[in-house]
Structures are given as structure tokens and as C-alpha cells.
Amino acid sequence: MIPRFVRAHLPEVTVEVVEIDPLVIDVARRFFAVEGDERLRIHEGDGRKFLADGVRSQDAVILDGHGLGGVPRHLSTCEFLANVRAALAPAGVVVANVWSAAANRHYDATLATYREVFERVHVLDVVGLHNKIIIAGAEPAALAREEVIARAHAFSVEQRLPIDLGLHVHGVHAVDDLRIRASALRDPSFSW
């Protein structure tokens with residue numbers, strides 16, 4: 001679990017978790033010993049509303065919201081991502097776990113949506129899974145695969161992580177280099 005990992009290995013970081021399903025929060029507490037405190041704030045509620053209420057100056061926002069049919073539609077639109085962008089510090093990034101085209105018929109539209117809201121959008125391949133990691137931010141600089149690996153490795157060493165994140169970086173693609181032929185998702189102009 002990402003919050004538990006961050007809490008254990010990045011003691012200077014404060015994490016705010018927003019989970020809409022109280023059962024998920026209960027399972028995290030009972031079976032994974034995830035308890036809230038001053039460094040791990042757990043909020044029961046909708047992530048979109050949480051961001052719309054004025055959260056600001058976040059260094060990173062991690063989106064990992066999935067339902068049975070994928071990412072909930074209200075967490076997939078330009079309007080939602082505009083709230084995410086508004087919540088970020090100037091050099092902040094959003095990191096999103098999404099299903100690839102093999103498991104998500106809206107994959108290209110999701111990439112088009114991120115591309116419309118953020119200047120920089122990259123996709124990282126997750127080998128062996130139907131997942132992709134989207135990294136987006138307001139800074140327009142492109143990232144090369146070698147640079148991502150070097151940064152991930154340096155971060156792992158600096159933070160004394162139990163794994164070398166650089167070893168898990170495979171493909172890195174700038175969204176502008178991909179052939180996306182879909183329109184961005186908007187409220188409420190699309191349906192699943």
C-alpha cells in the first residue's frame with residue numbers, strides 16, 4: 001500500500017488519503033495496520049470533492065481510484081484534472097495508475113484528457129500488467145527514459161528505500177509522441 005510505504009520510508013512526507021468506500025478504510029486498518037496520524041491523514045469521502053474544496057500546494061497527487069469498470073468517470077475528465085492541477089504546487093506532479101488499452105476502452109481518451117490539462121504528460125510501462133503509470137505536470141520539459149531511471153535510482157539511494165525504483169522503469173513515452181486519435185473526456189459528455 002502506497003501510504004504505508006511512504007510513511008515507513010519517507011518520514012518528512014505528509015500523506016492525505018481520500019477513500020470513498022468506508023470498507024476499504026476498514027480493511028486497511030484491520031488487515032494492513034494503516035492508522036491515521038499527523039503524517040497520514042485519512043479522509044472518507046469523494047476525491048473530486050476533496051480537491052474541489054480548495055486543497056493547494058501539493059508536491060504530488062497520486063490517483064489510484066478504480067471501481068469494477070475502471071477509473072470512475074467523474075475522476076477521469078478535464079474538469080476533474082483541472083482541480084488536480086489547481087491543487088499542485090508549481091513544480092508538482094500528478095501520478096496516476098490507469099488500465100492500458102488492453103483493459104480500458106477509454107485509454108486513448110484518458111491520455112487525450114491529461115494532454116489537454118497538463119503541459120507535460122508521460123506514460124510509464126508496467127511490465128506484465130495491464131497498467132500504465134501517467135506522470136503529468138505543468139512544467140513542459142520532456143523526460144528521457146535514462147533520466148527517469150537515473151532519478152528513480154538516485155531517489156531510492158537517497159531515501160534508503162528497500163527497492164531500487166530505477167530497476168522498475170521500462171518504457172517511458174511522451175504522450176505527444178503517441179498516436180492518440182481520441183477526444184478528451186469532459187463532464188458529462190461521455191458515458192461508459
Side chains of E146 and R151 in contact at under 4.5 Å (non-hydrogen atoms): no
Hey, could you give me the CG/CG distance between L161 and L10, rounded to the nearest 0.5 Å? 6.0 Å
Just so I know, are the side chains of V175 and F118 near enough to count as touching, which here means a heavy-atom distance under 4.5 Å? no
Which atom pair, heavy atoms only, marks the closest approach of S183 to A109? O-CB, 3.5 Å
Return the CG to OG1 distance between L75 and T110, rounded to the nearest 0.5 Å. 11.5 Å
From K132 atom NZ to N104 atom CG, the distance as rounded to the nearest 0.5 Å: 11.5 Å
T77 and T113: which non-hydrogen atoms are nearest, and at how many Å? C-CG2, 3.6 Å
Could you please spell out the steps behind the side-chain contact (heavy atoms from CB on, under 4.5 Å) verdict for V95 and I134? CA-CA 6 Å; V95 179; I134 297 173; over 6 Å; no
Gap between atom NE2 of H122 and atom CG of L178 - 0.5 Å precision: 10.0 Å
Roughly how far, to the nearest 0.5 Å, is NE2 of H153 from CG of L165? 10.5 Å
Side-chain contact, heavy-atom cut-off 4.5 Å: L63 with N97? no
Quick one: pull up CG in L185 and CD in E79 and give me the separation to the nearest 0.5 Å. 9.5 Å
I135/L124 under side-chain contact (heavy atoms from CB on, under 4.5 Å): CA gap, chis, key distance, verdict: CA-CA 8 Å; I135 300 175; L124 278 62; 3.6 Å; yes
Looking at R115 and D108, does any basic side-chain N land under 4.0 Å from a carboxylate oxygen? no
Can you tell whether the side chains of E119 and R85 come within less than 4.0 Å, N to carboxylate O? yes
Least distance between heavy atoms, S76 atom then V71 atom: OG-CG1, 3.3 Å
Please set out all donor-acceptor pairs under 3.5 angstrom arising from side-chain atoms of residues 15-29, sequence neighbours excluded.
residue	atom	partner	partner atom	Å
E16	OE1	H43	NE2	2.4
E16	OE2	R41	NH1	3.1
E19	OE2	D21	N	2.9
D21	OD1	L23	N	2.9
D26	OD2	R30	NH1	3.1

Which heavy atom in Y107 sits nearest to a heavy atom in W99, and how many Å separate them? CD1-O, 3.2 Å
Are side-chain heavy atoms of E38 and T14 found at a separation under 4.5 Å? no
H9 and F5 aromatic ring geometry - parallel, tilted or perpendicular at 30°/60° bounds: tilted
A112 versus A182, closest heavy-atom pair with distance: CB-O, 3.5 Å
Does the side chain of H170 come under 3.5 Å of the side chain of D125 through a donor N or O and an acceptor N or O? no
Side chain to side chain donor-acceptor pair (under 3.5 Å) with H168: which residues, sequence neighbours excluded? none
Can you check whether I42 reaches V34 side chain to side chain, under 4.5 Å on heavy atoms? yes
Residues in side chain to side chain contact (heavy atoms under 4.5 Å, CB included) with P90, at least two apart? none
Could you check if a side-chain atom of F80 sits within less than 4.5 angstrom of a side-chain atom of V117, using non-hydrogen atoms only? no
Shortest non-hydrogen contact from R39 toward V6: NH2-O, 3.9 Å
